[in-house]
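Notes follow once the structure below has been shown.
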Protein chains: 2
Amino acid sequence: MNAEPTIQTYINSLFPSFEPKLKEVLIENGSLKTFAANEMLMHTGQNMRSTILIVEGLVKLYRQGEDGNEFFMYYLQPGNACALSMICATKQETSEVMARAIEPTIGLMIPISLMDTLMKEYKTWYYFVLETYRSRFEELLTVIDNIAFKSMDERLAFYLEKKFSDLKTRSLSITHGEIANDLNSSREVISRLLKKMEQRREVILHRNYIEYLK
Amino acid sequence: MNAEPTIQTYINSLFPSFEPKLKEVLIENGSLKTFAANEMLMHTGQNMRSTILIVEGLVKLYRQGEDGNEFFMYYLQPGNACALSMICATKQETSEVMARAIEPTIGLMIPISLMDTLMKEYKTWYYFVLETYRSRFEELLTVIDNIAFKSMDERLAFYLEKKFSDLKTRSLSITHGEIANDLNSSREVISRLLKKMEQRREVILHRNYIEYLK
DNA sequence: CGATAACGGTGACTTAGGTCACTCTGATGA
DNA sequence: TCATCAGAGTGACCTAAGTCACCGTTATCG
(Lines give C-alpha, C1' and ligand atoms only; values in the text may rest on other atoms or scores of the structure.)
Protein backbone atom coordinates (compact mmCIF):
# COMPACT_ATOMS: atom_id res chain seq x y z
CA MET A 1 0.00 0.00 0.00
CA ASN A 2 2.04 2.88 -1.29
CA ALA A 3 0.95 6.48 -1.36
CA GLU A 4 -0.16 6.11 -4.96
CA PRO A 5 -0.50 2.52 -6.05
CA THR A 6 -0.99 1.97 -9.75
CA ILE A 7 -3.45 -0.33 -11.44
CA GLN A 8 -0.55 -2.65 -11.99
CA THR A 9 0.42 -2.95 -8.35
CA TYR A 10 -3.20 -3.47 -7.36
CA ILE A 11 -3.69 -6.24 -9.87
CA ASN A 12 -0.48 -7.98 -8.95
CA SER A 13 -1.20 -8.02 -5.27
CA LEU A 14 -4.96 -8.64 -5.32
CA PHE A 15 -5.47 -10.83 -8.36
CA PRO A 16 -2.41 -13.04 -8.52
CA SER A 17 -4.33 -15.79 -10.31
CA PHE A 18 -4.79 -13.69 -13.45
CA GLU A 19 -2.62 -14.74 -16.36
CA PRO A 20 0.00 -12.18 -17.53
CA LYS A 21 -1.76 -11.24 -20.75
CA LEU A 22 -5.03 -10.69 -18.91
CA LYS A 23 -3.28 -8.40 -16.49
CA GLU A 24 -1.92 -6.40 -19.39
CA VAL A 25 -5.34 -6.00 -20.93
CA LEU A 26 -6.83 -4.88 -17.64
CA ILE A 27 -4.02 -2.41 -17.04
CA GLU A 28 -4.54 -0.95 -20.48
CA ASN A 29 -8.32 -0.73 -20.39
CA GLY A 30 -9.25 -0.40 -16.75
CA SER A 31 -9.40 2.82 -14.82
CA LEU A 32 -9.39 3.56 -11.12
CA LYS A 33 -12.29 5.36 -9.60
CA THR A 34 -12.46 6.53 -6.04
CA PHE A 35 -15.60 6.63 -3.95
CA ALA A 36 -15.96 8.64 -0.78
CA ALA A 37 -17.28 6.99 2.35
CA ASN A 38 -21.06 6.67 2.05
CA GLU A 39 -21.06 7.17 -1.68
CA MET A 40 -23.23 4.81 -3.72
CA LEU A 41 -21.48 2.54 -6.19
CA MET A 42 -24.74 1.23 -7.49
CA HIS A 43 -28.37 1.82 -6.73
CA THR A 44 -31.73 0.37 -7.61
CA GLY A 45 -32.70 0.97 -11.17
CA GLN A 46 -29.30 2.05 -12.36
CA ASN A 47 -27.84 0.77 -15.57
CA MET A 48 -24.32 -0.53 -15.30
CA ARG A 49 -21.59 0.66 -17.63
CA SER A 50 -18.67 -1.13 -16.03
CA THR A 51 -17.79 -4.13 -14.01
CA ILE A 52 -16.17 -3.18 -10.74
CA LEU A 53 -13.26 -4.85 -9.03
CA ILE A 54 -12.69 -3.53 -5.54
CA VAL A 55 -9.04 -2.72 -4.88
CA GLU A 56 -9.27 -0.66 -1.74
CA GLY A 57 -11.85 0.11 0.94
CA LEU A 58 -15.06 -1.65 1.89
CA VAL A 59 -18.41 -1.86 0.18
CA LYS A 60 -21.70 -2.84 1.72
CA LEU A 61 -24.33 -4.56 -0.38
CA TYR A 62 -27.88 -4.36 0.79
CA ARG A 63 -31.41 -4.81 -0.30
CA GLN A 64 -33.85 -1.98 -0.02
CA GLY A 65 -37.42 -2.71 1.00
CA GLU A 66 -40.36 -0.78 -0.40
CA ASP A 67 -40.84 1.24 2.76
CA GLY A 68 -37.21 2.30 2.66
CA ASN A 69 -35.75 0.01 5.26
CA GLU A 70 -32.52 -1.73 4.43
CA PHE A 71 -31.40 -5.27 4.71
CA PHE A 72 -27.71 -6.06 4.83
CA MET A 73 -26.46 -8.82 2.54
CA TYR A 74 -22.69 -8.86 2.46
CA TYR A 75 -19.49 -6.88 2.15
CA LEU A 76 -17.13 -6.59 -0.76
CA GLN A 77 -13.48 -6.20 0.06
CA PRO A 78 -10.32 -5.62 -1.97
CA GLY A 79 -9.90 -8.56 -4.31
CA ASN A 80 -13.64 -9.06 -4.70
CA ALA A 81 -15.69 -8.19 -7.72
CA CYS A 82 -19.25 -7.06 -7.73
CA ALA A 83 -21.16 -10.05 -9.10
CA LEU A 84 -24.10 -7.87 -9.87
CA SER A 85 -22.11 -5.39 -11.87
CA MET A 86 -20.94 -8.33 -13.95
CA ILE A 87 -24.37 -9.76 -14.52
CA CYS A 88 -26.11 -6.50 -15.04
CA ALA A 89 -23.29 -5.21 -17.17
CA THR A 90 -23.46 -8.07 -19.64
CA LYS A 91 -27.21 -8.16 -19.67
CA GLN A 92 -27.74 -4.41 -19.63
CA GLU A 93 -30.26 -4.96 -16.90
CA THR A 94 -30.93 -2.85 -13.87
CA SER A 95 -30.18 -3.99 -10.40
CA GLU A 96 -32.39 -4.25 -7.37
CA VAL A 97 -29.54 -3.94 -4.97
CA MET A 98 -27.71 -1.07 -3.40
CA ALA A 99 -23.94 -0.92 -3.02
CA ARG A 100 -22.50 1.77 -0.80
CA ALA A 101 -18.89 2.46 0.11
CA ILE A 102 -18.61 2.47 3.86
CA GLU A 103 -14.95 3.38 3.79
CA PRO A 104 -13.15 5.44 1.18
CA THR A 105 -13.00 2.95 -1.64
CA ILE A 106 -11.21 2.52 -4.93
CA GLY A 107 -12.68 0.44 -7.72
CA LEU A 108 -11.01 -0.80 -10.85
CA MET A 109 -13.57 -0.17 -13.54
CA ILE A 110 -13.64 -2.54 -16.49
CA PRO A 111 -15.79 -1.37 -19.38
CA ILE A 112 -18.57 -3.80 -20.13
CA SER A 113 -17.62 -3.84 -23.80
CA LEU A 114 -14.58 -5.83 -22.75
CA MET A 115 -16.48 -8.59 -20.96
CA ASP A 116 -17.14 -10.81 -23.95
CA THR A 117 -13.53 -10.85 -25.03
CA LEU A 118 -12.19 -11.38 -21.54
CA MET A 119 -14.51 -14.33 -20.98
CA LYS A 120 -13.54 -15.87 -24.24
CA GLU A 121 -9.81 -15.26 -24.27
CA TYR A 122 -8.74 -15.60 -20.68
CA LYS A 123 -9.46 -18.70 -18.75
CA THR A 124 -8.33 -17.19 -15.47
CA TRP A 125 -10.86 -14.40 -15.93
CA TYR A 126 -13.60 -16.87 -16.64
CA TYR A 127 -12.77 -18.81 -13.51
CA PHE A 128 -12.65 -15.64 -11.53
CA VAL A 129 -16.11 -14.66 -12.72
CA LEU A 130 -17.55 -18.07 -11.90
CA GLU A 131 -15.97 -18.04 -8.48
CA THR A 132 -17.44 -14.61 -7.90
CA TYR A 133 -20.91 -15.86 -8.75
CA ARG A 134 -20.51 -18.96 -6.70
CA SER A 135 -19.39 -17.22 -3.56
CA ARG A 136 -22.07 -14.53 -3.75
CA PHE A 137 -24.67 -17.19 -4.37
CA GLU A 138 -23.51 -19.01 -1.27
CA GLU A 139 -23.60 -15.78 0.63
CA LEU A 140 -27.21 -15.22 -0.33
CA LEU A 141 -28.07 -18.77 0.65
CA THR A 142 -26.57 -18.15 4.06
CA VAL A 143 -28.64 -15.00 4.38
CA ILE A 144 -31.75 -16.97 3.52
CA ASP A 145 -30.89 -19.66 6.03
CA ASN A 146 -30.50 -17.08 8.71
CA ILE A 147 -33.72 -15.22 8.20
CA ALA A 148 -35.74 -18.32 7.42
CA PHE A 149 -34.60 -20.60 10.20
CA LYS A 150 -32.92 -18.57 12.90
CA SER A 151 -34.21 -16.39 15.69
CA MET A 152 -33.05 -12.85 16.26
CA ASP A 153 -30.46 -13.70 18.89
CA GLU A 154 -28.84 -16.29 16.65
CA ARG A 155 -28.85 -13.90 13.74
CA LEU A 156 -27.27 -11.22 15.87
CA ALA A 157 -24.57 -13.59 17.04
CA PHE A 158 -23.90 -14.66 13.47
CA TYR A 159 -23.84 -11.07 12.29
CA LEU A 160 -21.30 -10.03 14.87
CA GLU A 161 -19.14 -13.06 14.37
CA LYS A 162 -19.02 -12.45 10.63
CA LYS A 163 -18.43 -8.76 11.06
CA PHE A 164 -15.56 -9.23 13.47
CA SER A 165 -13.93 -11.85 11.32
CA ASP A 166 -14.48 -10.00 8.03
CA LEU A 167 -13.01 -6.84 9.44
CA LYS A 168 -10.34 -8.69 11.39
CA THR A 169 -10.78 -6.73 14.55
CA ARG A 170 -11.75 -7.27 18.17
CA SER A 171 -13.52 -4.01 18.69
CA LEU A 172 -16.09 -2.74 16.32
CA SER A 173 -17.28 0.82 16.18
CA ILE A 174 -20.96 0.54 15.49
CA THR A 175 -24.17 1.66 17.16
CA HIS A 176 -27.05 -0.56 18.20
CA GLY A 177 -29.23 1.34 15.78
CA GLU A 178 -26.99 0.47 12.86
CA ILE A 179 -27.06 -3.20 13.71
CA ALA A 180 -30.83 -3.06 13.99
CA ASN A 181 -30.94 -1.51 10.56
CA ASP A 182 -28.75 -4.19 9.02
CA LEU A 183 -30.87 -6.95 10.51
CA ASN A 184 -34.13 -5.18 9.79
CA SER A 185 -34.99 -5.16 13.46
CA SER A 186 -35.32 -2.33 15.99
CA ARG A 187 -32.79 -0.73 18.26
CA GLU A 188 -34.49 -1.74 21.50
CA VAL A 189 -34.52 -5.39 20.53
CA ILE A 190 -30.85 -5.34 19.58
CA SER A 191 -29.94 -3.49 22.77
CA ARG A 192 -31.68 -6.11 24.87
CA LEU A 193 -30.09 -9.02 23.03
CA LEU A 194 -26.65 -7.44 23.21
CA LYS A 195 -27.13 -7.00 26.93
CA LYS A 196 -27.78 -10.71 27.24
CA MET A 197 -24.65 -11.45 25.23
CA GLU A 198 -22.72 -9.24 27.60
CA GLN A 199 -24.11 -11.15 30.56
CA ARG A 200 -22.92 -14.33 28.89
CA ARG A 201 -19.45 -12.72 28.59
CA GLU A 202 -19.50 -12.83 24.82
CA VAL A 203 -19.08 -9.11 24.30
CA ILE A 204 -18.41 -5.94 26.23
CA LEU A 205 -20.60 -3.01 25.36
CA HIS A 206 -19.40 0.57 25.18
CA ARG A 207 -20.86 3.70 23.78
CA ASN A 208 -20.34 3.54 20.01
CA TYR A 209 -18.33 0.37 20.02
CA ILE A 210 -18.42 -3.27 20.96
CA GLU A 211 -15.64 -5.55 22.09
CA TYR A 212 -15.71 -9.18 21.09
CA LEU A 213 -14.59 -11.85 23.53
CA LYS A 214 -14.46 -15.00 21.42
CA MET B 1 -44.01 -33.65 -27.18
CA ASN B 2 -43.72 -36.88 -29.07
CA ALA B 3 -43.68 -40.31 -27.56
CA GLU B 4 -39.89 -40.39 -27.70
CA PRO B 5 -38.37 -36.99 -28.30
CA THR B 6 -34.68 -36.99 -29.04
CA ILE B 7 -32.04 -34.70 -27.65
CA GLN B 8 -32.20 -32.88 -30.93
CA THR B 9 -35.89 -32.10 -30.76
CA TYR B 10 -35.59 -30.99 -27.15
CA ILE B 11 -32.76 -28.63 -27.93
CA ASN B 12 -34.46 -27.18 -30.95
CA SER B 13 -37.68 -26.44 -29.16
CA LEU B 14 -36.35 -25.39 -25.75
CA PHE B 15 -33.06 -23.68 -26.57
CA PRO B 16 -33.67 -21.90 -29.85
CA SER B 17 -31.05 -19.27 -29.07
CA PHE B 18 -28.19 -21.77 -29.23
CA GLU B 19 -26.06 -21.49 -32.33
CA PRO B 20 -26.08 -24.48 -34.70
CA LYS B 21 -22.60 -25.72 -33.89
CA LEU B 22 -23.33 -25.57 -30.17
CA LYS B 23 -26.43 -27.63 -30.70
CA GLU B 24 -24.38 -30.22 -32.52
CA VAL B 25 -21.87 -30.45 -29.71
CA LEU B 26 -24.60 -30.84 -27.12
CA ILE B 27 -26.36 -33.50 -29.17
CA GLU B 28 -23.13 -35.42 -29.48
CA ASN B 29 -22.02 -35.16 -25.88
CA GLY B 30 -25.16 -34.79 -23.83
CA SER B 31 -27.29 -37.61 -22.56
CA LEU B 32 -30.85 -37.75 -21.32
CA LYS B 33 -31.52 -38.91 -17.82
CA THR B 34 -34.96 -39.48 -16.39
CA PHE B 35 -35.90 -38.86 -12.79
CA ALA B 36 -38.99 -40.28 -11.14
CA ALA B 37 -41.31 -38.01 -9.24
CA ASN B 38 -39.76 -37.30 -5.84
CA GLU B 39 -36.31 -38.37 -6.90
CA MET B 40 -33.44 -36.10 -5.88
CA LEU B 41 -31.44 -34.49 -8.65
CA MET B 42 -29.02 -33.02 -6.21
CA HIS B 43 -28.62 -33.04 -2.49
CA THR B 44 -26.54 -31.35 0.16
CA GLY B 45 -22.93 -32.37 0.07
CA GLN B 46 -23.07 -34.05 -3.28
CA ASN B 47 -20.37 -33.53 -5.85
CA MET B 48 -21.61 -32.63 -9.28
CA ARG B 49 -20.44 -34.47 -12.35
CA SER B 50 -22.69 -32.83 -14.91
CA THR B 51 -24.52 -29.67 -15.62
CA ILE B 52 -28.23 -30.27 -15.97
CA LEU B 53 -30.58 -28.70 -18.46
CA ILE B 54 -34.20 -29.52 -17.71
CA VAL B 55 -36.09 -30.64 -20.79
CA GLU B 56 -39.20 -32.13 -19.26
CA GLY B 57 -40.97 -32.14 -15.90
CA LEU B 58 -40.63 -29.88 -12.91
CA VAL B 59 -37.91 -29.55 -10.31
CA LYS B 60 -38.18 -27.93 -6.93
CA LEU B 61 -35.16 -26.26 -5.39
CA TYR B 62 -35.14 -25.85 -1.67
CA ARG B 63 -32.90 -25.12 1.22
CA GLN B 64 -32.71 -27.57 4.09
CA GLY B 65 -32.43 -26.23 7.62
CA GLU B 66 -30.40 -28.00 10.27
CA ASP B 67 -33.44 -29.38 12.02
CA GLY B 68 -34.65 -30.90 8.78
CA ASN B 69 -37.29 -28.42 7.79
CA GLU B 70 -37.35 -27.25 4.23
CA PHE B 71 -37.56 -23.88 2.67
CA PHE B 72 -38.79 -23.54 -0.87
CA MET B 73 -36.72 -21.38 -3.20
CA TYR B 74 -37.86 -21.79 -6.78
CA TYR B 75 -38.83 -24.16 -9.54
CA LEU B 76 -36.90 -25.23 -12.60
CA GLN B 77 -38.89 -25.93 -15.70
CA PRO B 78 -38.08 -27.18 -19.19
CA GLY B 79 -35.70 -24.70 -20.79
CA ASN B 80 -34.04 -23.84 -17.47
CA ALA B 81 -30.64 -24.93 -16.33
CA CYS B 82 -29.60 -25.62 -12.81
CA ALA B 83 -27.37 -22.67 -11.95
CA LEU B 84 -25.93 -24.58 -9.07
CA SER B 85 -24.98 -27.56 -11.12
CA MET B 86 -23.06 -25.16 -13.34
CA ILE B 87 -21.28 -23.42 -10.55
CA CYS B 88 -20.58 -26.49 -8.54
CA ALA B 89 -19.63 -28.42 -11.61
CA THR B 90 -16.93 -26.01 -12.65
CA LYS B 91 -15.67 -25.49 -9.17
CA GLN B 92 -16.01 -29.09 -8.05
CA GLU B 93 -17.69 -27.83 -4.95
CA THR B 94 -20.55 -29.34 -3.05
CA SER B 95 -23.90 -27.74 -2.89
CA GLU B 96 -26.02 -26.73 0.07
CA VAL B 97 -29.22 -26.96 -1.82
CA MET B 98 -31.65 -29.75 -2.57
CA ALA B 99 -33.22 -30.30 -5.95
CA ARG B 100 -36.10 -32.74 -6.17
CA ALA B 101 -38.17 -33.72 -9.17
CA ILE B 102 -41.80 -33.19 -8.29
CA GLU B 103 -43.02 -34.53 -11.59
CA PRO B 104 -41.38 -37.18 -13.73
CA THR B 105 -38.50 -35.20 -15.13
CA ILE B 106 -35.95 -35.51 -17.89
CA GLY B 107 -32.62 -33.73 -17.71
CA LEU B 108 -30.08 -33.24 -20.44
CA MET B 109 -26.79 -33.98 -18.76
CA ILE B 110 -23.73 -32.12 -19.99
CA PRO B 111 -20.44 -33.48 -18.67
CA ILE B 112 -18.56 -30.89 -16.69
CA SER B 113 -15.44 -31.55 -18.71
CA LEU B 114 -17.17 -29.79 -21.58
CA MET B 115 -17.91 -26.57 -19.74
CA ASP B 116 -14.63 -24.81 -20.40
CA THR B 117 -14.80 -25.38 -24.12
CA LEU B 118 -18.45 -24.45 -24.39
CA MET B 119 -17.86 -21.21 -22.54
CA LYS B 120 -14.94 -20.36 -24.72
CA GLU B 121 -16.21 -21.41 -28.13
CA TYR B 122 -19.91 -20.60 -28.07
CA LYS B 123 -21.11 -17.17 -27.32
CA THR B 124 -24.74 -18.24 -27.13
CA TRP B 125 -23.80 -20.74 -24.42
CA TYR B 126 -21.94 -18.12 -22.48
CA TYR B 127 -24.93 -15.79 -22.64
CA PHE B 128 -27.20 -18.61 -21.61
CA VAL B 129 -25.07 -19.33 -18.57
CA LEU B 130 -24.97 -15.70 -17.54
CA GLU B 131 -28.69 -15.34 -17.97
CA THR B 132 -29.17 -18.44 -15.84
CA TYR B 133 -27.10 -16.96 -13.06
CA ARG B 134 -28.77 -13.63 -13.30
CA SER B 135 -32.30 -14.96 -13.13
CA ARG B 136 -31.55 -17.30 -10.22
CA PHE B 137 -29.83 -14.48 -8.42
CA GLU B 138 -32.89 -12.33 -8.87
CA GLU B 139 -35.03 -15.17 -7.67
CA LEU B 140 -33.01 -15.45 -4.48
CA LEU B 141 -33.25 -11.71 -3.96
CA THR B 142 -37.00 -11.95 -4.22
CA VAL B 143 -37.00 -14.73 -1.67
CA ILE B 144 -34.95 -12.57 0.66
CA ASP B 145 -37.27 -9.63 0.17
CA ASN B 146 -40.21 -11.76 1.04
CA ILE B 147 -38.94 -13.28 4.23
CA ALA B 148 -37.16 -10.12 5.35
CA PHE B 149 -39.86 -7.56 4.72
CA LYS B 150 -43.19 -9.31 4.30
CA SER B 151 -45.64 -10.84 6.73
CA MET B 152 -46.97 -14.33 6.43
CA ASP B 153 -50.19 -13.40 4.66
CA GLU B 154 -48.32 -11.45 2.00
CA ARG B 155 -45.87 -14.28 1.56
CA LEU B 156 -48.69 -16.76 1.21
CA ALA B 157 -50.39 -14.58 -1.39
CA PHE B 158 -47.13 -14.23 -3.29
CA TYR B 159 -46.46 -17.95 -3.06
CA LEU B 160 -49.84 -18.88 -4.47
CA GLU B 161 -49.73 -16.29 -7.19
CA LYS B 162 -46.34 -17.49 -8.34
CA LYS B 163 -47.34 -21.11 -8.10
CA PHE B 164 -50.49 -20.66 -10.13
CA SER B 165 -48.72 -18.65 -12.79
CA ASP B 166 -45.65 -20.91 -12.94
CA LEU B 167 -47.82 -23.96 -13.32
CA LYS B 168 -50.31 -22.19 -15.56
CA THR B 169 -53.35 -23.57 -13.81
CA ARG B 170 -56.35 -22.32 -11.90
CA SER B 171 -56.66 -25.19 -9.51
CA LEU B 172 -53.74 -26.48 -7.59
CA SER B 173 -53.63 -29.82 -5.87
CA ILE B 174 -51.74 -29.18 -2.70
CA THR B 175 -52.41 -29.56 1.01
CA HIS B 176 -52.19 -26.82 3.60
CA GLY B 177 -49.43 -28.78 5.25
CA GLU B 178 -47.32 -28.75 2.12
CA ILE B 179 -47.67 -25.01 1.77
CA ALA B 180 -46.72 -24.59 5.41
CA ASN B 181 -43.64 -26.66 4.72
CA ASP B 182 -42.59 -24.56 1.74
CA LEU B 183 -42.99 -21.36 3.69
CA ASN B 184 -41.46 -22.79 6.83
CA SER B 185 -44.61 -22.10 8.77
CA SER B 186 -47.20 -24.39 10.35
CA ARG B 187 -50.36 -25.92 8.97
CA GLU B 188 -52.72 -24.14 11.35
CA VAL B 189 -51.37 -20.74 10.42
CA ILE B 190 -51.68 -21.43 6.72
CA SER B 191 -55.18 -22.80 7.18
CA ARG B 192 -56.27 -19.67 8.96
CA LEU B 193 -54.73 -17.34 6.39
CA LEU B 194 -56.22 -19.34 3.53
CA LYS B 195 -59.60 -19.06 5.17
CA LYS B 196 -59.25 -15.31 5.22
CA MET B 197 -58.31 -15.32 1.56
CA GLU B 198 -61.42 -17.35 0.86
CA GLN B 199 -63.52 -14.81 2.71
CA ARG B 200 -61.98 -12.14 0.52
CA ARG B 201 -63.04 -14.22 -2.53
CA GLU B 202 -59.45 -14.73 -3.63
CA VAL B 203 -59.52 -18.51 -3.51
CA ILE B 204 -61.92 -21.37 -2.99
CA LEU B 205 -60.71 -24.11 -0.68
CA HIS B 206 -61.36 -27.79 -1.19
CA ARG B 207 -59.96 -30.89 0.31
CA ASN B 208 -56.56 -31.44 -1.34
CA TYR B 209 -56.82 -28.60 -3.79
CA ILE B 210 -57.26 -24.87 -4.09
CA GLU B 211 -59.00 -22.83 -6.76
CA TYR B 212 -57.62 -19.44 -7.66
CA LEU B 213 -59.96 -16.58 -8.45
CA LYS B 214 -57.65 -13.86 -9.77
C1' DC C 1 -20.27 26.67 29.01
C1' DG C 2 -24.69 25.42 28.16
C1' DA C 3 -27.75 23.53 24.78
C1' DT C 4 -28.65 19.95 21.87
C1' DA C 5 -28.60 15.70 19.81
C1' DA C 6 -27.10 10.97 19.51
C1' DC C 7 -26.74 6.80 21.98
C1' DG C 8 -28.32 3.48 24.96
C1' DG C 9 -31.34 1.32 28.87
C1' DT C 10 -35.80 -0.14 30.45
C1' DG C 11 -40.68 -1.12 31.60
C1' DA C 12 -45.27 -1.75 29.63
C1' DC C 13 -47.89 -3.12 26.04
C1' DT C 14 -49.28 -5.21 21.41
C1' DT C 15 -49.27 -8.50 17.93
C1' DA C 16 -48.05 -12.09 14.49
C1' DG C 17 -47.43 -16.34 14.38
C1' DG C 18 -46.23 -20.86 16.49
C1' DT C 19 -48.09 -24.73 19.47
C1' DC C 20 -51.46 -27.80 21.65
C1' DA C 21 -55.52 -30.23 21.87
C1' DC C 22 -59.43 -31.59 20.06
C1' DT C 23 -63.09 -32.21 16.50
C1' DC C 24 -65.09 -33.19 12.03
C1' DT C 25 -65.10 -35.11 7.46
C1' DG C 26 -64.09 -37.55 3.44
C1' DA C 27 -61.14 -41.19 1.42
C1' DT C 28 -59.14 -45.64 1.41
C1' DG C 29 -58.75 -50.36 1.97
C1' DA C 30 -59.06 -54.78 4.64
C1' DT D 1 -69.10 -51.77 5.61
C1' DC D 2 -66.60 -50.44 9.14
C1' DA D 3 -62.09 -48.90 10.80
C1' DT D 4 -58.44 -46.03 10.05
C1' DC D 5 -56.18 -42.07 8.67
C1' DA D 6 -54.96 -37.79 6.38
C1' DG D 7 -56.62 -33.27 5.73
C1' DA D 8 -58.75 -29.49 7.55
C1' DG D 9 -61.10 -26.17 11.14
C1' DT D 10 -60.92 -23.97 15.53
C1' DG D 11 -60.32 -22.16 20.29
C1' DA D 12 -56.91 -21.41 23.93
C1' DC D 13 -52.57 -20.31 24.92
C1' DC D 14 -47.53 -18.87 24.57
C1' DT D 15 -43.60 -16.37 23.02
C1' DA D 16 -40.42 -13.56 20.24
C1' DA D 17 -40.08 -9.47 18.75
C1' DG D 18 -41.84 -4.90 17.50
C1' DT D 19 -43.54 -0.43 19.47
C1' DC D 20 -44.14 3.40 22.69
C1' DA D 21 -42.76 6.36 26.13
C1' DC D 22 -39.50 7.99 28.85
C1' DC D 23 -35.00 8.67 31.07
C1' DG D 24 -30.02 9.04 31.81
C1' DT D 25 -25.47 9.70 29.84
C1' DT D 26 -22.00 11.26 26.75
C1' DA D 27 -20.25 13.91 22.98
C1' DT D 28 -20.31 17.87 20.24
C1' DC D 29 -20.72 22.44 18.71
C1' DG D 30 -22.31 27.34 18.68
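In this text, all values refer to a predicted model and were calculated from it rather than measured experimentally.
- Annotation: the terminal axes of the helix from C:dC1-D:dG30 to C:dA30-D:dT1 meet at 30°, where each axis is the rotation carrying the C1' atoms of four end pairs onto the next four (5 pairs per end, rounded to 10°).
- Remark: of the listed residues A:L160, A:L213, A:L205, A:L160 is the sole one forming a side chain to side chain contact (heavy atoms under 4.5 Å, CB included) with A:M197.
- Residues of residues 144-155 of chain B having a heavy atom closer than 4.0 Å to DNA chain D: none are found.
- The ring-ring contact (aromatic ring centres under 6.0 Å, His included) test applied to A:Y74 returns no partner, not counting sequence neighbours.
- Remark: A:T132 pairs with no residue by the side chain to side chain donor-acceptor pair (under 3.5 Å) rule, at least two apart or across chains.
- In this structure, the side chain to side chain donor-acceptor pair (under 3.5 Å) partners of B:E154, at least two apart in sequence or on a different chain, are B:S151.
- Within a 6.0 Å radius of CD in A:Q8, other residues, nucleotides and ligands contribute 12 heavy atoms or fewer.
- Listed by chain and number, the residues in a salt bridge (charged side-chain N to carboxylate O under 4.0 Å, His left out) with B:K60 are B:D182 (sequence neighbours excluded).
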A:L130/B:Y133 under side chain to side chain contact (heavy atoms under 4.5 Å, CB included): CA gap, chis, key distance, verdict = CA-CA 10 Å; A:L130 284 190; B:Y133 287 140; 3.2 Å; yes

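- Screening residues 162-172 of chain B for side chain to side chain donor-acceptor pair (under 3.5 Å), with sequence neighbours left out, gives B:Y75-B:K163, B:E139-B:K162, B:Y159-B:K163, B:K162-B:D166.
- By the side chain to side chain donor-acceptor pair (under 3.5 Å) test, B:E103 is found to be paired with no residue, residues two or more places apart in sequence or in another chain being considered.
- Chain B approaches DNA chain D within less than 4.0 angstrom (heavy atoms of the protein), and the contacting nucleotides run 5' to 3' from D:dA6 to D:dA12.
- The aromatic rings of A:F18 and A:F15 sit parallel to each other, their planes meeting at less than 30°, with 60° as the upper class boundary.
- Shown for residues 169-184 of chain B: residues whose heavy atoms fall under 4.0 angstrom of DNA chain D, namely B:T175, B:H176.
- Using a 4.0 Å cut-off between charged nitrogen and carboxylate oxygen, B:D145 and A:R63 count as a salt-bridge pair.
- Ring orientation note: the planes of B:Y209 and B:H206 are close to parallel, at an angle under 30° on the 30°/60° scale.
- Under the 4.5 Å side-chain criterion, counting only non-hydrogen atoms from C-beta, A:I204 is not in contact with A:I210.
- For CZ of A:R200, the number of neighbouring non-hydrogen atoms (other residues, nucleotides, ligands) closer than 6.0 Å is greater than 12.
- For A:S191, the side chain to side chain donor-acceptor pair (under 3.5 Å) test picks out A:H176, with sequence neighbours left out.
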ask   = In the 5'-to-3' direction, what one-character label does each nucleotide of nucleotides 19-28 of chain C receive under the scheme B = base within less than 4.0 Å of a protein heavy atom, S = sugar-phosphate only, - = no such atom?
value = BBB---BB--

